[in-house]
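Position 1 is the first residue of the sequence; numbering continues from there. Both counts, for ligands and for their atoms, begin at 1 and track the order of listing.
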Amino acid sequence: MAPEAVNALLPYLTDSGTFANAASGQHLYGQNAAAAVENARSAMAHGLQCNPKDILFTSGATESNNLAISGITSGHPNRSKHIVTSAYEHKSVLDCCRHLESQGIKVTYLRPDNAGVLALDSILNALTDETVLVSLMHVNNETGVMQDIGRIADILEAKGIPFHVDAAQSAGKVPIDLSALPISLLSLSAHKFHGPKGMGCLYVRNRKQAGLTPLLYGGGQEYGLRPGTLPTHQITGMAAAFTLACERLATDTEHCRQLRQTLRTALDKLDGVYWNGSQQAAVPHIVNISFAGVSADALLIALRDSIAMSTGSACNSGTIEPSHVLRAMGIKGDRLYGAVRLSFGRYTTTTDIGQAGLAICEAVSRLRKLAAE
Ligand SMILES: *Cc1c(COP(=O)(O)O)cnc(C)c1O
């Protein structure tokens, strides 16, 4: 976490600060907690250029994605319903859609090209009279490839179809101006921008008309759409982290761009390196690479004590299945089974990347030599 976010969070945990329940409006302590929550809501809204009333606090992007997709679909009056999403979404979108399929809802899973880019035509062609929601991610968590959500939003707005965006990997890293983007719902997650884990929010445009059905029922918090005692410390921690990320966006982006270049220069010493996903459409902080003749498993084992590298997303680790994202892009063979993902951020140094680059080069060369023997 950003030290600034830790400092913002701590006073809400002890009796030297504001630990009261924000729903306890009958006393000053509760009112102070509620004021802190509303300040945080305004800070989130300011960073996204939306109305504070459009922000619902959740436990993270997994919950936000489920609330958006299930909530809009079950709240929709159509008798037969259809959702359009992609085959390279995060599991919290894919598994939610699979569940809805088991309830009789139709789902189309769009495929990108082999650089991970989705063609606008494919979205248009998938829409039917029954389409109640399109849900697409902004930046892919495994490849870093970014979709043109502005153009997609314009198309869907013209057709009157709600558009949900999973912005967990872009919020705080890529400018998002909701005053200029006709997006209906947007998910984000605090721990992706140096905030606390277990915290996120869902932006809902025109909440009263959106027809969102809650996942949970309870004490009426968050307009009854997300009941439960508000975690004041998590909320203030997320808002501090997001404010900082928005202020530092250009600086942090440039820092990551330089780190990516440093890694590229180091890995250019090897032959047979594939950079997966469109490098033009990619954000700088995520890289996905394969090394000809080297399996990801062997490489991860060789480097597990020094480099926090993974195959696919962290959420899928432990499974040996190759990445569903790269598969959706049509990537096969060595390149699929050898793909590893690295990400870096504000606190990663050039020295870190230099060392990682050297260690990867050495491990790849050693593994290739072994395979040749
Ligand atoms: C991390 C992530 C999520 C899940 O967010 P949590 O807050 O960890 O539940 C969803 N979508 C994408 C693209 C992510 O990177």
Side-chain angles (χ1 to χ4, degrees), residues 1-2 5 9 44 55-71 85-99 109-110 112 116-118 133-147 149 152 163-174 176 183 185-203 215-216 226 228 231 233-235 237-239 241-242 245 256 277 281-288 308-319 323-326 328-329 341-345:
M1 278 182 68
L9 171 160
M44 296 307 296
I55 301 287
L56 300 178
F57 292 123
T58 67
S59 64
T62 295
E63 184 187 340
S64 297
N65 287 343
N66 277 269
L67 177 56
I69 297 168
S70 272
T85 186
S86 85
Y88 57 80
E89 295 300 309
H90 187 267
K91 292 284 181 187
S92 58
V93 167
L94 291 176
D95 286 1
C96 180
C97 287
R98 293 255 182 262
H99 168 71
Y109 299 92
L110 302 172
V117 179
L118 198 60
L133 182 71
V134 175
S135 178
L136 295 169
M137 70 200 328
H138 191 190
V139 167
N140 184 271
N141 49 306
E142 293 189 27
T143 61
V145 174
M146 180 158 58
Q147 307 297 335
I149 54 165
I152 302 170
F163 181 31
H164 166 245
V165 174
D166 176 357
Q169 290 291 345
S170 59
K173 294 178 180 131
V174 174
I176 298 176
I183 288 171
L185 306 113
L186 182 122
S187 302
L188 55 82
S189 172
H191 73 98
K192 302 292 169 67
F193 48 78
H194 304 295
K197 292 179 191 67
M199 187 64 217
C201 68
L202 177 66
Y203 157 82
L215 297 174
L216 306 170
R226 205 295 187 168
H233 60 298
Q234 298 283 81
I235 292 171
M238 172 168 74
F242 193 54
C256 289
V283 292
H285 64 276
I286 299 171
V287 296
N288 193 302
M309 191 158 67
S310 63
T311 58
S313 65
C315 322
N316 293 338
S317 55
T319 63
S323 157
H324 71 282
V325 174
L326 298 182
M329 290 159 59
R341 174 207 187 263
L342 285 162
S343 65
F344 24 79

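Between the side chain of Gln234 and the backbone N or O of Lys197 there is at least one donor-acceptor pair closer than 3.5 Å. At least one donor-acceptor pair under 3.5 Å links the side chain of Glu89 to the backbone N or O of Met137. When atom types are taken as modelled, the side chain of Ser86 and the backbone of Leu136 share no donor-acceptor pair closer than 3.5 angstrom. Side-chain atoms of Gln147 come within 3.5 Å of backbone N or O of Leu118 as a donor-acceptor pair. No donor-acceptor distance shorter than 3.5 angstrom exists from the side chain of Asn65 to the backbone of Val93, with no hydrogens or angles considered. At distances below 3.5 Å, not a single donor-acceptor pair connects side-chain atoms of Lys173 with backbone N or O atoms of Gly345.
At under 3.5 Å, not a single nitrogen or oxygen of Val139, backbone or side chain, sits near a nitrogen or oxygen of ligand 1. Considering backbone and side-chain atoms alike, Asn141 places every N or O at 3.5 Å or more from each N or O of ligand 1. For ligand 1, the polar-atom distance check against Ser92 finds no nitrogen or oxygen pair separated by under 3.5 Å. Residue Ser59 has no N or O atom closer than 3.5 Å to an N or O atom of ligand 1.
In the candidate list Glu63, Lys197, Lys192, Lys192 is nearest to atom 2 (C) of ligand 1, counting heavy atoms.
Residue Ala168 touches ligand 1 through its side chain alone, judged by heavy-atom distances below 4.0 Å. The side chain of Asp166, and not its backbone, has at least one atom closer than 4.0 Å to an atom of ligand 1 (non-hydrogen atoms only; side chain from C-beta on).
Interface of Gly60 with ligand 1, defined as ligand atoms under 4.0 Å from a residue heavy atom, comprises 7 (O). Of all the atoms in ligand 1, the ones that sit under 4.0 Å from a non-hydrogen atom of Met137 are 13 (C). Close contacts of ligand 1 with His191, meaning ligand atoms under 4.0 Å from a residue heavy atom, involve 6 (P), 7 (O), 8 (O).
Atom-to-atom distance recorded for Ser59:OG and Asn66:CG is 9.0 Å, nearest 0.5 angstrom.
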